[in-house]
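Input: a single structure, listed below in structure tokens.
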Amino acid sequence: MNRFIYCLMVFLQFPLPGLGQTLENVTKLYDDLFSSYRNNIIPLNNQSEPIEISLAFFLLSINSFREVEETLVLTGGLSVIWKDASLSWNPVDYGNKNSLEVDSTDVWLPWIYLLNNAKEFEPVGFDSAFRVNINSSGFVQYSPGSILEAKCQTDISKFPLDTQSCLLDFLAWGGGATTYKLISFFDEVNLDYYTKDSNWEVVTRDTYAKLEPEGYYKFRMSLSLKRKPVYFIVMIVLPTMLLSLLNPLVFLLPIESGERISLSMTVLLSYAIFLTLVSASIPASSNPMCFLLIVMIIIMLISGLTVVAVIITTKLYYQEEYFPGRIVKFFLYRKTRNQDVTPFDCEKKEQQSFNGKNVSNFLDRLFLISSYVIIVITLVVYFLYLNT
Ligand SMILES: *[C@@H]1O[C@H](CO)[C@@H](O)[C@H](O)[C@H]1NC(C)=O
Ligand SMILES: *[C@@H]1O[C@H](CO)[C@@H](O)[C@H](O)[C@H]1NC(C)=O
Ligand SMILES: *[C@@H]1O[C@H](CO)[C@@H](O)[C@H](O)[C@H]1NC(C)=O
């Protein structure tokens, strides 16, 4: 090869062509490295020092978040790098071969466990096969990937505008800080290979390693996920608001139309059916309970009370005399007797203002306004709570 081009390639750090690197060279390298290698002894020259293990986390996808079981399921990979004292060589002796890929069972591996695991307990990546890459200075890179299920405490009180945060703790099981020292390679989860999720958006993704007071290192990944709320707003929140605002309108219907009770029953029933339909998509968890469900129950309660109120006002409407009217009349009668007005006048006057029709109209207005006030206050409190 032209020497000038070769120098240029070295200078520009292009990958160098083989340079006489043959299968024989690599086989010899493998034999030299592994003929007396023991893959279950920590590869450290000074065994009284901890082995330094650098970790990075690659998030590939978020598979599901099970609110009820408080479990986050994700696919991810760890990138683990450590220095193996017995796996270094001089590349010049092996045709400039400066990295070697071998099966992960050939070398010593740190066993990294997910501490808050919700599945089978085994080191990350032990359910499938991965290869490791060794470079000539003895650094081994191992990138096991797996479907991880982690236990995370959920808080769905702000559903559907909630953000869930989840901590994934990794540790080298069995050895304290005197055996393993975990180091975080980056301070963020790597999203280079991430497939976007349509339900969750990654908000924060910190990683750090820390020494626990119990005397071991922990590699912690702190993930917060924000729910994408459009579906739930369109399918649950808006119909709830619509039905709740529709309900008190029955008090505007004239009683003579005879439609009042059927309308209020229809609204109540459609609301109940709606509630059964959507309750499947609302996460059922009681600690803390979803605030939206409480709002829906309050609206349902108002709907039920509306039916009662409609029946009462309809009954009153057709009644000649309102029952409390008699009590009022009693007092009026006593008052007017002192003032020398004939009881007859008084009774007439009183009957005008206290006949069932008037009382029923008055109650209609009272119920209409008060149910709107309660609904509006409930909705406002809900939206204020979502924004805290
Ligand atoms: C091994 O490491 C310990 C702790 O760092 C140190 O005290 C000791 O001298 C080292 N031994 C050798 C042989 O280097
Ligand atoms: C690589 O192997 C070839 C034989 O295939 C041998 O001639 C050569 O010397 C080897 N290179 C080195 C650097 O050992
Ligand atoms: C081997 O890998 C380590 C860690 O990635 C790096 O620091 C070192 O420079 C590499 N050595 C060679 C010869 O490439």
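Counting starts at 1 for both ligands and their atoms, following the listed order.
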Q: Could you tell me the residue and atom name of the protein heavy atom closest to atom 5 (O) of ligand 1, and the distance to it rounded to 0.1 Å?
A: Glu49 OE2, 3.2 Å

**Q.** Trp200 ring center near Phe65 ring center (under 6.0 Å)
**A.** yes

Q) Which option out of Asn98, Asn135, Asn133, Ile81 puts a heavy atom nearest to atom 10 (C) of ligand 3? A) Asn135

Q | Shortest non-hydrogen contact from Leu44 toward Pro50 | A | CD1-C, 3.8 Å

Q | Salt-bridge contact Arg131-Glu101 (side-chain N to carboxylate O under 4.0 Å) | A | yes

Q | Distance-only polar pair, side chains of Tyr385 and Ser157, donor-acceptor under 3.5 Å | A | yes

Side-chain donor-acceptor distances from residues 214-221 under 3.5 Å, at least two apart:
unit_1: Arg220; atom_1: NE; unit_2: Asp169; atom_2: OD1; d: 2.7
unit_1: Arg220; atom_1: NH2; unit_2: Asp169; atom_2: OD2; d: 3.1

Q: Go through ligand 3 atom by atom and flag the ones less than 4.0 Å from a non-hydrogen atom of Ser136.
A: 13 (C)

Q | For Tyr94, the option from Thr22, Asp32, Thr27 that meets side chain to side chain donor-acceptor pair (under 3.5 Å) | A | Asp32

Q. In terms of atom number and element, which parts of ligand 1 are under 4.0 angstrom from non-hydrogen atoms of Ser48?
A. 1 (C), 2 (O), 3 (C)

**Q.** Shortest protein contact, atom 4 (C) of ligand 3 (heavy atom only)
**A.** Phe139 CG, 3.9 Å

Q.
Strictly inside 4.0 angstrom of atom 7 (O) of ligand 3, do you find any protein heavy atom?
A. no

Q) Is any heavy atom of the protein nearer than 4.0 Å to atom 14 (O) of ligand 3? A) yes

Q) Which protein non-hydrogen atom lies closest to atom 11 (N) of ligand 1, naming both residue and atom, and how far is it? A) Asn46 ND2, 2.8 Å

